[in-house]
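Taking it in order: structure first as structure tokens, then the write-up.
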Amino acid sequence: MLKEAIYHRPKNEFAYAYNENTLHITIRTKKNDIDSINLIFGDPYNWKDGSWQVRKKSMAKKGSDSLFDYWFTEVSPEFRRMRYGFELSDSKETVYYTEKGYYEELPLDDTAYYFCFPFLNKIDVFQAPKWVKDTVWYQIFPERFANGNVKNDPEGTLAWGSTEPTPINFFGGDFEGIIEHLDYLEDLGISGIYFTPIFKAASNHKYDTIDYFEIDPQFGDKETFKKLVSESHKRGIRIMLDAVFNHSGYYFEAFQDVLKNGEKSKYKDWFHIREFPIQTEPMPNYDTFAFTPFMPKLNTENPEVKEYLLEVGRYWVREFDIDGWRLDVANEVDHAFWRDFRKEVKAIKEDVYILGEIWHDSMAWLQGDQFDAVMNYQFTSATLNFFAKDKISAKQFTEDIQHVIYSYPKNVNEVAFNLLGSHDTERIQNTANFDQNKIKQMLAFQLSFPGSPCIYYGDEIGLTGSNDPGCRKCMVWDEEQQDKELYNHVKKLVALRKNNPLLANDGELSFIEANDQTNHIIYTKENDHELLVCIMNHSKEANTYTVPVDLEKGYRQYKDLWNDESHTLESPSFEVNVEPYGFRFYQLTK
Ligand code: ARE
Ligand code: CA
């Protein structure tokens with residue numbers, strides 16, 4: 001038993017309240033090292049004859065990444081509090097692991113030995129808006145989706161799609177264009193739109209805000225935006241805006257005032273200015289986003305700045321009824337700011353979704369007091385590495401993706417913003433080297449995975465493009481030039497996910513096969529009456545798989561959800577032949 005590899009902490013993804021009365025407990029051990037684990041637990045105040053009263057519950061090996069196994073169980077302590085330890089056994093020994101270390105015998109004379117979940121306070125339970133787990137997002141970069149009104153086009157606007165996007169060119173996309181195409185989005189079946197910034201700014205991407213309370217005139221006015229929100233809501237589509245609070249734009253009034261009045265400016269503490277006079281070249285002498293002089297970092301610790309930005313957060317929710325905020329460069333803004341931000345916007349609309357843009361481990365922001373989710377680029381990279389780039393094998397993929405899952409609590413994973421690409425990354429077409437079968441299979445994976453998936457505008461019709469700015473091409477509306485087959489594929493996946501909760505967030509996910517010879521994976525999701533079996537054949541050969549079924553659970557039927565074919569189960573397994581880069585979803589019922 002490799003004790004050094006065993007890890008548990010009574011916090012974060014290892015011990016958390018899943019809901020008002022259930023605790024989830026996870027312990028990590030070296031892969032394939034331990035045979036069984038029991039959770040030993042009790043109420044801290046429950047003593048009898050000088051001995052602490054405990055119970056035992058076996059833990060299940062939930063999954064593994066490349067180095068570790070993860071063991072899991074859930075408990076609903078009667079008085080919402082618990083002390084606990086672990087009984088671990090391999091072929092040679094059984095030991096007890098507690099907060100104070102390892103013991104050969106269970107110490108029952110003092111609860112101070114044990115891990116402590118002091119009390120399950122309802123207010124501390126991580127709670128994201130309920131609608132998010134049933135949402136399929138669509139990301140729109142407003143400058144490039146559709147031009148519905150040439151009168152608001154910025155000077156020098158180019159003909160739609162006439163040339164490649166550059167960091168500075170404009171094509172005139174706007175709200176009227178988006179409203180005209182809401183029926184298209186409704187037909188696709190999506191239920192939320194994430195817009196990159198729409199507030200007044202100088203660039204085509206609008207991440208350099210000039211005025212947080214104004215819509216950029218190239219997109220339209222506030223009335224048109226209201227109409228966009230209400231027309232979307234009518235179609236069951238929620239709206240999320242991008243909040244760029246880490247930095248302002250160069251032409252933001254407060255920064256302009258500092259440029260003009262230097263140390264005398266009443267806004268001098270709104271930014272992080274290292275010395276006066278301010279210089280932008282060759283290097284800015286104030287903090288910025290990356291080293292971009294036209295994006296001065298805002299001092300969110302300054303109460304005036306804080307109040308100003310909190311009002312921005314409240315204003316667009318209160319006056320325009322938006323449903324979510326995506327927070328730009330969220331990890332470079334202080335935690336205290338985000339805690340207040342959450343309170344303020346949720347006080348106006350309880351079920352606003354707060355999504356941070358963080359590309360790295362984000363547990364620190366996902367404890368219930370700050371964000372509901374982060375843009376899950378960890379999911380993105382594992383998924384692209386396997387399905388699009390062929391950079392990793394089947395086994396490595398299932399280990400990498402499980403690593404992502406076991407980094408977070410389950411209620412966090414249910415609302416994770418799972419994307420394959422965005423305005424900051426290469427298009428999936430390019431990443432997959434334009435292989436349509438691989439792309440279709442990858443989309444099938446994304447839309448059968450827990451979380452809240454997002455489709456980047458145009459991916460559904462085969463839009464191409466390399467990294468920023470290449471990935472920001474004008475949407476193609478000429479149907480002759482759209483990949484209709486891909487569109488129908490995405491549409492069908494979205495509908496299937498909506499109609500089969502197991503394809504979304506219902507049930508327990510397990511990876512049951514990952515084979516490097518045949519390069520296939522099989523994963524399942526199961527609730528108390530149904531089992532979903534997903535098979536992905538990521539190889540150039542057709543392959544036949546034998547799917548084992550536990551007949552004792554009473555499964556008697558299986559249905560191919562994609563091809564809509566039902567079969568009766570006669571033996572404890574069934575055989576499936578899957579074409580190269582094909583996939584299957586089987587629903588097993590009793
Ligand atoms: C422009 C040029 C780029 C150039 C860049 C360098 O277009 O080609 O590389 O300048 O200065 C916005 C615009 C961009 C613009 C940028 C700066 O959309 O077009 O780029 O402003 O003017 C990190 C951050 C993450 C950030 C990405 C871009 O952590 O927050 O970098 N993403 C947001 C938005 C962007 C936006 C900004 C921030 C600024 O989504 O669109 O850019 O408001 C690794 C790292 C990550 C890193 C990621 C991507 O995985 O771990 O931390 O993200 O790569 O680089
Ligand atoms: Ca326009």
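In this text, all values refer to a predicted model and were calculated from it rather than measured experimentally. One-based numbering along the sequence shown. One-based numbering, in listed order, for ligands and for the atoms of each.
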Report the nearest protein non-hydrogen atom to [atom]: residue, atom name, distance rounded to 0.1 Å.
atom                    : result
atom 41 (O) of ligand 1 : Asp424 OD1, 2.7 Å
atom 32 (N) of ligand 1 : Glu357 OE2, 2.7 Å
atom 50 (O) of ligand 1 : Trp359 CE3, 3.3 Å
atom 24 (C) of ligand 1 : Phe289 CE1, 4.1 Å
atom 21 (O) of ligand 1 : Met295 CE, 3.2 Å
atom 11 (O) of ligand 1 : Thr292 OG1, 3.8 Å

Student check: side-chain heavy atoms of Trp365 and Asn331 closer than 4.5 Å = yes
Quick check on [X] - does any of its heavy atoms sit under 4.0 Å from an atom of ligand 1?
X      : result
Glu332 : no
Met375 : no
Phe294 : yes

Contact partition for Val329 relative to ligand 1, non-hydrogen atoms under 4.0 Å =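 Near ligand 1, Val329 shows its backbone as well as its side chain.
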Output yes when [X] and [Y] qualify as a salt bridge under the 4.0 Å nitrogen-oxygen rule, no when they do not.
X      : Y      : answer
Glu460 : Lys484 : no
Asp321 : Arg238 : no
Lys130 : Asp351 : no
Asp187 : Lys491 : yes
Lys200 : Asp216 : no

request  = Can you confirm whether something in the protein, heavy atoms only, sits under 4.0 Å from atom 55 (O) of ligand 1?
outcome  = no
key: Asp328, Thr196, Asp468: member with heavy atom nearest to atom 38 (C) of ligand 1   =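 Ranked by closest heavy atom to atom 38 (C) of ligand 1, first place is Asp328.
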ask   = Relative to atom 52 (O) of ligand 1, which among His423, Arg472, His360, Lys206 owns the nearest non-hydrogen atom?
value = His360
[X]/[Y] aromatic ring centres below 6.0 Å:
X      : Y      : value
Phe255 : Tyr250 : yes
Phe397 : Phe387 : yes
Phe145 : Phe219 : no
Tyr456 : Tyr138 : no

message = Looking at every non-hydrogen atom in both residues, tell me the closest pair between Leu447 and Arg497 and how far apart they are.
response =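 In terms of heavy atoms, the two residues are closest at O-NH1, 3.0 Å.
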task = May I ask you to check if ligand 1 and Asn331 share an N or O to N or O distance below 3.5 Å?
result = no
Would you give me the side-chain donor-acceptor pairs under 3.5 Å for residues 268-278, sequence neighbours excluded?
unit_1 : atom_1 : unit_2 : atom_2 : d
Trp270 : NE1    : Glu304 : OE1    : 3.0
His272 : NE2    : Leu298 : O      : 3.4
Arg274 : NH1    : Asp287 : OD1    : 2.4
Arg274 : NH2    : Pro284 : O      : 3.1

request  = Report the protein N/O/S neighbours of the Ca ion (ligand 2) that fall below 3.0 Å; do not count waters.
outcome  =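 Correct list: Asn147 OD1, Asn149 O, Asn152 OD1, Asp153 OD1, Gly172 O, Asp174 OD2.
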key: Residues Lys206 and Gln218: side-chain donor-acceptor under 3.5 angstrom   =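 Gln218 and Lys206 do have a side-chain donor-acceptor pair below 3.5 Å.
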